[in-house]
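Below is a structure I'd like to ask you about.
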Amino acid sequence: MTQRTTLITGVTHGMGRALALDLAPRGGTLLLHGRDAERLAAVAAEARTANPETTVHTYLADLSDLDQVHAMAERIRAAEPRLDGVIHNAVAGGGARPLVREVSRQGHELRFAVNHLAPYALTRALLPLLVASAPARVVNVASMGQEALDFDDVMLERDYEGLRAYCRSKLAMIMATFELAAELAGTGVTVNALHPAHLMDTPGVRDHGLTPVTTTEEGVRPTVRLLLDPDLDAVTGRYFDRFTEARAHEQAYDRAARERLMRLTDDLVGGR
């Protein structure tokens, strides 16, 4: 890690904070993202304390606003000479009020915006830096909770329920993982997705009224493996259930559905 630069989104609590504190002692440069300035500064201070030789830069942005996503990407490209890894960890869970439909700054369903559009837009904007730094890795923190997208109601304007929206957004993230991996074949940039652990002790799990059954540290290990394990140098376009390659929802393997999703996604985030 001593020469690596890694971006982690959503570090102010939960698994994001645990990832930052796991990677900090390994050295290199950490780019830590959050949307709360005070909490972000606190985690950055913890990371610097864990290893004073690790360079820590912070990036503040609300991922529910695509303008802020693009602006953060511009700041990263301007400030960072390289980027070896990205962990898209930030998440909008099922919500404390699961029957209340929420929307992003651009008017998109909130879970779809934060869990799919934002990581895709950020990856797309950072591709020149990732390719120039190759070999590089993108790790998308998805979920075993997946539900097929309804292309007649992608934004869940009918029969809204927060956990359904979350599951659909995570499947969209996996489908985009497969498409980006294929697009980037031969560039040295790999893209994989994983379900890190079951019902970790995070605010999202608790807010939805679920009982945590694992710690965030349980999710850190398989996530860091996808980022660093040399045995995975050539592995791309895969979905993992923790440490094991697994099969995602069947819609993820429907090429027509993936292409339809990516056309919609590119339109919503501003094209390629």
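Nothing fancy with the numbering, it's 1 onward along the sequence. Keep in mind it's a predicted model, so treat the numbers as computed, not measured.
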- Residues Asn140 and Thr177: side-chain donor-acceptor under 3.5 angstrom: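 On atom types as modelled, these side chains qualify, holding a pair under 3.5 Å.
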- Query: Distance-only, no hydrogens or angles: does the His88 side chain make a donor-acceptor pair with backbone N or O of Ala90 under 3.5 Å?
  - Reply: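 Answer holds: no.
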- Query: Within 45° of the ring axis of Phe178 and under 6.0 Å from its six-membered ring centre, is that where the NZ or CZ of Arg238 lies?
  - Reply: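 No, a cation-pi geometry is absent between Arg238 and Phe178.
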- Message: If we ignore hydrogens and angles and just use 3.5 Å, is the side chain of Arg101 paired with the main-chain N or O of Met155 as donor and acceptor?
- Response: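 Yes: the side chain of Arg101 pairs with the backbone of Met155.
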- Message: Using side-chain heavy atoms (C-beta onward) and a distance below 4.5 Å, is Leu40 in contact with Arg35?
- Response: no
- Message: Just so I know, are the side chains of Leu226 and Thr190 near enough to count as touching, which here means a heavy-atom distance under 4.5 Å?
- Response: no
- Closest approach of Ser64 to Leu110 (non-hydrogen atoms, all atoms of both residues):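 The pair with the smallest heavy-atom distance is CB-CD1, 3.6 Å.
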- Note on the structure: Nearest heavy-atom approach of Leu129 to Pro81 is CD1-O, 3.7 Å
- Would you check, one step at a time, whether the test side-chain contact (heavy atoms from CB on, under 4.5 Å) holds for Met175 with Thr265? CA-CA 11 Å; Met175 293 165 76; Thr265 300; over 6 Å; no
- Can you get from Val86 to Val131 by hopping between Ile, Leu, Val, Met, Phe, Trp and Tyr side chains that sit under 4.5 Å apart? yes
- Message: Return the CG to CG distance between Leu126 and Leu31, rounded to the nearest 0.5 Å.
- Response: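 Between atom CG of Leu126 and atom CG of Leu31 there are 9.0 Å.
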- Query: Any side-chain donor paired with an acceptor under 3.5 Å for His57 and Glu80?
  - Reply: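 Yes.
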- For residues Met15 and Thr223, report the shortest heavy-atom separation together with the two atoms involved.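 What the structure gives for the nearest pair is CE-OG1, 3.6 Å.
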- Verify the distance criterion only: is there a donor paired with an acceptor across the side chains of Gln146 and Tyr239 at less than 3.5 Å? yes
- Are the ring centres of Phe112 and His108 closer than 6.0 Å? no
- To the nearest 0.5 Å, how far apart are CG in Asp233 and CG in Leu228? 10.5 Å
- Closest approach of Ala50 and Ala24, non-hydrogen atoms and distance?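 Scanning both residues completely, I find the closest heavy atoms to be CB-CB, 4.1 Å.
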- Between the side chains of Tyr160 and Glu109, does any donor sit under 3.5 Å from an acceptor?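 A donor-acceptor contact under 3.5 Å links the two side chains.
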- Consider only side-chain heavy atoms of I, L, V, M, F, W and Y, link residues closer than 4.5 Å, and tell whether Val191 and Ile76 are in one cluster.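 Looking at the clustering, Ile76 is in the same group as Val191.
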- Query: Counting N and O atoms only, with roles assigned by atom type, does the side chain of Asn192 sit under 3.5 Å from a partner on the main chain of Gly237, one being a donor and the other an acceptor?
  - Reply: yes
- Message: Using 0.5 Å steps for rounding, measure from the CG atom of Leu21 to the CG atom of Asn51.
- Response: 12.0 Å
- Verify salt bridge (Lys or Arg N to Asp or Glu O under 4.0 Å) between Arg221 and Glu217, making sure each step is shown before the conclusion. CA-CA 7 Å; Arg221 291 169 54 237; Glu217 286 71 20; over 6 Å; no
- Check Ala172 against Leu149 and note the closest heavy-atom contact, atom names and distance.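 Of all heavy-atom pairs spanning Ala172 and Leu149, the closest is CB-CD1, 4.2 Å.
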- CG (Leu127) and CZ (Arg77) are apart, to the nearest 0.5 Å, by 10.0 Å
- Message: How close do Ser143 and Lys170 get, counting heavy atoms only, and between which atoms?
- Response: CB-CG, 3.9 Å
- Message: Is it true that, when you exclude Arg225 itself, more than 12 heavy atoms of the residues, nucleotides or ligands shown sit nearer than 6.0 Å to its CZ?
- Response: yes
- If you draw a 6.0 Å radius around CZ in Arg39, do more than 12 non-hydrogen atoms from other residues or ligands fall strictly inside? no
- Between CZ of Arg137 and CG of Leu83, what distance do you get to the nearest 0.5 Å? 13.5 Å
